Amino acid sequence: MAASDGALPGSSATVDVAVDVERPASPDHGDLATNLALRLARPLGLAPRVIAEAIAARMGPGSSSGSTLIESATVAGPGFINLRFTDAALERGLGAALAAPMSWGRVASGGRARHVNVEFVSANPTGPLTIGNARGAFAGDLLCRVLEAGGQQVTREYYFNDSGAQVRNLGASVLALREGREVPEDGYHGDYVADLARAIPAEALAPAGATDEDAAWSAGRWASEQIRAGIEASLGTLGVHFDVWKTEGSLHAEGWVERAIERLRGSGHLYEQDGALWFRSTSFGDDKDRVVIRSNGEPTYFASDLGYVTEKFSRGFDHLIYIWGADHHGTVARVRNAAEAMGFDKAAVEMILTGWVRFVRDGVEVSMSKRAGNFVTLDELLSEIGVDAARWFFASRGANMNIDFDIELAKKQSSENPVYYVQYAHARIASILRKAREVGLAAATDLGGVAADGPDGALARVVVRYPEVVEDAAAAQETQGVTTYATDLATAFHAFYRDAKVVDAADPVTSGRRIALVEATRVTLANALGLLGISAPDSM
RNA sequence: GCGCCCGUAGCUCAGUGGAUAGAGCGUUGGGUUCCGGACCCAAAGGUCGCAGGUUCGAAUCCUGUCGGGCGCGCCA
């Protein structure tokens, strides 16, 4: 625009540059900043500050292109243009939070929402979930929540094997204990196996005269379903609820694996060698080809993957996300390659690999083996540190990061954990609002002036940022930004509380406006915590 | 050997190419006449593993290198 009215010489041509608009780190730099002029400097052949001055002059109040939402546009540093919101812009944001608290910050899906399938945990039911499964459970659920907040439709899915050798093995271990024998060397040794041995009902036992093999399968099927139900209950206490529990066996029984293989064969990417059936994964950049059907006629786990991808897409999902441990990174390429070979969009098949959690107790790493029965269950962990603290811990760290989790430290610091800091701010506000009701004060509908400079404006500026935080989190598929923001908002509130009196019968007008501001803050804190699956208590 | 992930304050971690690299914990010092002191204010603490490169600008992108983790089955 500056070019078209002649303020900038010799540049009526169209230029195409990528421009960033962002939140400055320092409040001194206003509410928004753009590097527009820095990016235009090269194509226009002009000094960045010259361009910036010309543009800023046309964005401020009273200018032809000025907005009622922009208080000022100033040039700073090498050529940044810093914008400052007007009170009206801030009040519009507060008003939105107060008018529709439930949807405040949630991104409305324009048109048809993208359907996403998120598969996570997927631990086979041969033992209770351990702290080793915590990462996947929380990372998966947090991802789902952030996608939902971003306007997408999410299906949470748990995949497990109810018919593999592990099940027979489990059954053999249960039967051994029930009959007073030693658990086989390669069997399962946890206390839960003994519990199952005591509880197994007659119906789950094979009829007299059955082979040991049949007896083990029968007991194993019963035991694994008990364990699966226990896993579902454990996840429930974490606030993680799955929409679909899918078995590997069903993929074979319903013909999905077979159809997937035919699909691959039809595309010419299968060949036989050494009596086995191979997928030519190397055609897609993998380091080696992969066996689909073993020479003994048994399909591989990879074959099930093929069937599962096909089955998932048949349900109409636009996007598939797998949450896997970092040790599975070697299988990412082959599954995505196979999806492509079967004619699906490779970009629609996404794997998120979680980093390792090194659990530590009093400085000593907690090592675990499910088979040896030497492990800490998820239930035990949660009973020690609480769901809210655990959720916050994982939400505030990148999913792919290797992290340390000191259980004793988490317990010891629980009262100083950032999650309680944020919850405390919420409880404090709830208390203030109760107080206001007691003295007959209510939120003002006219916010006029509440967002002016001073403690009120500083708080309002943080509150109105919330929708952008959610949008960024959904786009990045990460939650760290939400925890950081929630902490910032709590800090802003505590500072406001120090400097401003909310409930003041002597000044009902200011009180009314501040009650509205504080209520908007409470709604925002509650929504941010809710987005992470963390409670927002009215007292604590 | 090849491949992938990770190296940021004493500790645990944020930081989608931007301005003076942040938070919590820990350390040091200070703050209650008033709506919740699980709070607030201040200070100390950094070669962003190292070395090059790309550019107006790099913790961020590229290359190399060191350190840690993981993976390289007709296992799941």
Side-chain angles (χ1 to χ4, degrees), chain A residues 18 20 22 24-26 28-29 33-35 38-39 41-42 47-48 76-80 82 124 161 164-166 248 273-278 286-288 290-305 325-333 353-356 358 360 393 396-398 400-406 409-410 412-425 427-436 438-439 441 472-473 475-476 478 480-481 483-484 487-488 490-491 493-495 497-505 511 514-515 518 539-540:
Chain A
D20 298 313
E22 59 185 24
S26 162
D28 296 340
H29 297 139
T34 176
N35 61 356
L38 291 163
R39 286 287 155 75
R42 180 171 290 264
F80 291 103
N82 294 333
N124 280 332
N161 187 357
Q166 298 171 91
E248 185 180 351
Q273 185 179 312
D274 302 331
L277 188 65
W278 298 70
D286 203 351
D287 9 6
K288 56 185 72 170
R290 307 293 174 177
V291 172
V292 178
I293 306 283
R294 290 188 269 260
S295 53
N296 67 4
E298 290 287 316
T300 61
Y301 185 84
F302 176 53
S304 301
D305 281 338
D327 53 337
H328 283 70
H329 70 76
T331 63
V332 170
L353 302 176
T354 60
W356 295 106
R358 186 169 163 271
V360 172
F393 181 88
S396 60
R397 289 152 170 80
N400 66 332
M401 295 290 290
N402 297 328
I403 55 182
D404 280 10
F405 194 125
D406 190 315
L409 211 58
K412 200 180 334 176
Q413 297 180 345
S414 65
S415 64
E416 290 145 23
N417 189 306
V419 70
Y420 298 109
Y421 176 79
V422 175
Q423 289 181 321
Y424 179 70
R428 214 176 192 186
I429 293 174
S431 172
I432 291 172
L433 295 174
R434 279 193 298 271
K435 191 84 174 182
E438 281 169 26
V439 300
L441 289 170
D472 288 351
E478 299 268 23
Q480 305 95 282
T483 57
T484 303
T487 307
D488 286 349
T491 299
F493 168 72
H494 288 307
Y497 177 85
R498 180 193 66 228
D499 297 328
K501 180 136 178 103
V502 179
V503 179
D504 183 0
S511 282
R514 284 182 169 164
I515 289 167
V518 156
S539 66
M540 54 193 290

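Convention: sequence-line order gives letters A, B, ...; per-chain numbering from 1. Nothing here was measured: the structure is a model prediction, and the numbers come from that model.
By the side chain to side chain donor-acceptor pair (under 3.5 Å) test, S304(A) pairs with E248(A), sequence neighbours left out. Legend: residues meeting side chain to side chain contact (heavy atoms under 4.5 Å, CB included) with P418(A), ordered by chain and number and at least two apart, are W392(A). Judged as a side chain to side chain contact (heavy atoms under 4.5 Å, CB included), and not counting sequence neighbours, the contacts of A410(A) are I385(A), F405(A). In this view, D286(A) and R290(A) satisfy the salt bridge (Lys or Arg N to Asp or Glu O under 4.0 Å) rule, not counting sequence neighbours. When the side chain to side chain donor-acceptor pair (under 3.5 Å) test is applied to D404(A), the partners found at least two apart in sequence or on another chain are R358(A). N35(A) pairs by the side chain to side chain donor-acceptor pair (under 3.5 Å) definition with D20(A), not counting sequence neighbours. Shown here are the ring-ring contact (aromatic ring centres under 6.0 Å, His included) partners of Y420(A), two or more places apart in sequence or in another chain: there are none. Checked against side chain to side chain donor-acceptor pair (under 3.5 Å), T491(A) has the following partners two or more places apart in sequence or in another chain: Y421(A).
Here D305(A) lies out of heavy-atom contact (under 4.0 Å) with every strand. Across all strands, H29(A) comes closer than 4.0 Å to base atoms (heavy-atom distances). Here A427(A) lies in heavy-atom contact (under 4.0 Å) with a base. Within 4.0 Å of A436(A), counting heavy atoms only, lies no atom of the nucleic acid at all. If you check every strand for non-hydrogen atoms under 4.0 Å, A76(A) touches a base.
One cannot find a donor-acceptor pair under 3.5 Å joining the base of A19(B) and the side-chain atoms of N35(A).
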How does protein contact run along nucleotides 24-32 of chain B, one letter per nucleotide 5' to 3', with B for base contact, S for sugar-phosphate only, - for none, heavy atoms under 4.0 Å?
SSS------
Give the B/S/- string for nucleotides 70-76 of chain B, one per nucleotide from 5' to 3', where a protein heavy atom under 4.0 Å of the base yields B, of only the sugar-phosphate yields S, and otherwise -.
BSSSBSB
Distances under 3.5 Å between nitrogen or oxygen atoms of protein and nucleotides 13-16 of chain B:
from: C13(B); atom 1: OP1; to: D404(A); atom 2: N; distance (Å): 2.2
from: A14(B); atom 1: OP1; to: G398(A); atom 2: N; distance (Å): 2.5
from: A14(B); atom 1: O2'; to: T484(A); atom 2: OG1; distance (Å): 3.2
from: G15(B); atom 1: OP1; to: Q480(A); atom 2: NE2; distance (Å): 3.0

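Between the CG atom of N400(A) and the C1' atom of G69(B) there is a distance of 13 Å, rounded to whole Å. Atoms CD1 (I432(A)) and C1' (C34(B)) sit 12 Å apart, rounded to a whole Å.
Here Y424(A) contributes atom OH and F493(A) contributes atom CZ; the two are 9.0 Å apart, rounded to the nearest 0.5 Å.
Applying a 4.0 Å cut-off to non-hydrogen atoms, the residues of residues 497-504 of chain A that approach RNA chain B are Y497(A), R498(A), A500(A), K501(A), V502(A), V503(A), listed by residue number.
We find that the ring of Y420(A) and the base of A38(B) do not stack by the test of centres under 5.5 angstrom and planes tilted less than 30°.
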